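Nothing here was measured: the structure is a model prediction, and the numbers come from that model.
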Amino acid sequence: MLAGTPAGVARAADATPTAPAVAASARAVVAPAAAAPAATTELPPDGDTVASPPGANDWTCRPSAAHPNPVVLVHGTFANRYENWLVLSPLLKSLGYCVFALDYGTVPGITSSGSGLLLPIGGLGPVADSAAQLGRFVDLVSGATGAAEVDLVGHSQGGMLPNYYLKFLGGAAKVGKLVALAPSNHGTTLDGITELAPYFPRVAELVYTACAACRDQAVGSDFNRRMASRPDTVPGVRYTVISTVYDEVVTPYRSQFLDGAGGAGAAAVDNEVVQAHCPPSLAEHVAVAFAPTALHLVTNALDPAHATPVLCG
């Protein structure tokens, strides 16, 4: 659900020095992230207000034969594209992918300083609206690159809302793979906090007014009932879910897993747990978007034909 509170975003920013370790585990050398967002020439969709992370949104990029699908990065709740993808974006770029990242669901005046920069945060609007914004961005990417399909990588809400796009907005014809880090696929109890909301309605309404996506991601919400009205997956898309046992936001963590048992033509699903590959890893909900083991699982999921043994880091 939540990519992290501003403090959580700060933890994520602090994790960026792990980039060299990520690169080693994913067979690449990552260029150091810029100290501040660099100005780029791009075609932003509606609502984009944050500079691109390193490596993303080069609209002159043309996919290679090795990586024919551009990769679109989708940040989580209380996040933005710059802070959420400081590590993964340059990593994928160094591996030869065309990388793109959007902002969605921003609310004017709500900002984060987790990276040391005052930046808007997003992922706050209704998930259905944000999924439609993702669809418009995918169309921009496809039009600019000439690619028939894109691959999606998302964190938290950003790992779940693409599935709404695939299920209800016709996105399945435009997407090859969906790789989701700690996604809120079936809602969350927030370690039981959402169960207390009915007892404190005014507090809940205050939160939900500022963050409609928070209401949508609560277990039992109207949004989650709509999602459950159709199978977890759609045919033709390959799904990978990457979870951590220490997730304190999307709980219980196994609720993140997807069921690919949909009969004939069912989608392929790989449900991965970071600690199954690296038992000492303490990566939690925010850090899983920066942890070397998790990002190695991402690169393997995007290029399964050239997957390598996942290193612990």
Side-chain angles (χ1 to χ4, degrees), residues 1-6 8-9 12 37 40 42-53 56-57 59 70-86 88-89 99-112 114-115 119-144 150-171 174-175 178-185 188 208-217 221 223-224 226-227 249-250 285-286 289:
M1 172 179 153
L2 314 179
T5 60
V9 175
T40 57
E42 55 187 84
L43 307 171
D46 55 319
D48 260 4
T49 53
V50 178
S52 301
N57 295 337
W59 295 92
V71 177
V72 174
L73 304 177
V74 190
H75 66 72
T77 315
F78 298 145
N80 56 60
R81 63 182 178 182
Y82 181 74
E83 292 176 316
N84 213 147
W85 304 119
L86 276 170
L88 183 58
S89 178
V99 183
F100 298 87
L102 80 159
D103 290 311
Y104 67 88
T106 56
V107 175
I110 300 182
T111 60
S112 162
S115 66
L119 297 173
I121 60 174
L124 305 179
V127 175
D129 293 350
S130 296
Q133 190 173 353
L134 170 63
R136 293 190 290 273
F137 190 81
V138 167
D139 289 344
L140 276 177
V141 171
S142 296
V150 304
D151 292 335
L152 303 175
V153 178
H155 176 223
S156 195
Q157 180 192 163
M160 173 276 294
L161 79 83
N163 215 9
Y164 185 93
Y165 168 59
L166 299 178
K167 286 184 178 186
F168 299 103
L169 302 180
K174 304 175 182 180
V175 174
L178 170 56
V179 183
L181 292 152
S184 51
N185 281 326
T188 175
Y208 292 156
T209 297
C211 179
C214 298
R215 181 196 297 272
D216 285 346
Q217 292 172 91
S221 69
F223 174 83
N224 274 305
R226 177 163 169 74
M227 288 290 280
V249 174
V250 180
H285 184 78
V286 174

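Geometrically, Arg226 engages Phe168 in a cation-pi contact defined by less than 6.0 Å to the ring centre and at most 45° from the axis.
When all heavy atoms of Val127 and Asp216 are compared, the closest pair comes out as N-OD2, 2.9 Å. Between Arg81 and Asp103, the closest heavy-atom pair is N-OD1, 2.8 Å. Smallest separation of non-hydrogen atoms from Val74 and Pro162: CG2-CG, 4.4 Å. Of all heavy-atom pairs spanning Val141 and Pro70, the tightest one is CG1-CB, 3.8 Å. Pairing each heavy atom of Ala180 with each of Gly159, the nearest pair is CB-O, 3.6 Å. In this structure, Leu134 and Tyr165 approach most closely via the heavy-atom pair CD2-CD2, 4.1 Å.
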Go through it in stages, so that I can follow the logic: the residues are Cys211 and Phe78, the test is side-chain contact (heavy atoms from CB on, under 4.5 Å), and I'd like the CA-CA distance, side-chain angles, deciding distance and then a yes or no.
CA-CA 9 Å; Cys211 179; Phe78 298 145; 4.2 Å; yes
Could you walk me through whether Thr106 and Leu124 pass the side-chain contact (heavy atoms from CB on, under 4.5 Å) test, one step at a time?
CA-CA 6 Å; Thr106 56; Leu124 305 179; over 6 Å; no
In sequence, state the C-alpha distance, the side-chain angles, and the governing distance for Tyr82 and Ser89, and then conclude on side-chain contact (heavy atoms from CB on, under 4.5 Å).
CA-CA 9 Å; Tyr82 181 74; Ser89 178; over 6 Å; no
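Residues Val179 and Leu152 fail the side-chain proximity criterion, which asks for heavy atoms closer than 4.5 Å. For the pair Thr77/Gln217, a side-chain contact is recorded, criterion being any heavy-atom separation below 4.5 Å from C-beta on. Within the 4.5 Å cutoff, the side chain of Leu102 has heavy atoms near those of the Val72 side chain. The side-chain heavy atoms of Val150 and Lys174, taken from C-beta on, include no pair separated by under 4.5 Å. When side chains are defined from C-beta on, Val71 does not count as touching Phe100, because their heavy atoms never get closer than 4.5 Å. A heavy-atom distance below 4.5 Å is found between the side chains of Leu88 and Val153. In this structure, Ser52 and Trp85 have side chains that are not in contact, with every pair of non-hydrogen atoms separated by 4.5 Å or more.
Inspection of the Ser142 and Asp139 side chains reveals no N or O donor paired with an N or O acceptor under 3.5 Å. Side-chain contact of Ser184 with Gln157: a donor-acceptor pair under 3.5 Å is absent, judged by distance alone.
Taking CZ of Arg215 as the reference point, atom CG of Asn224 lies at 13.0 Å (rounded to 0.5 Å).
Aromatic rings of His75 and Tyr104 (six-membered ring for Trp) have centroids within the 6.0 Å cut-off, being under it.
Of the possible donor and acceptor atoms, none in the side chain of Asn84 sits under 3.5 Å from a partner among the backbone N and O of His155.
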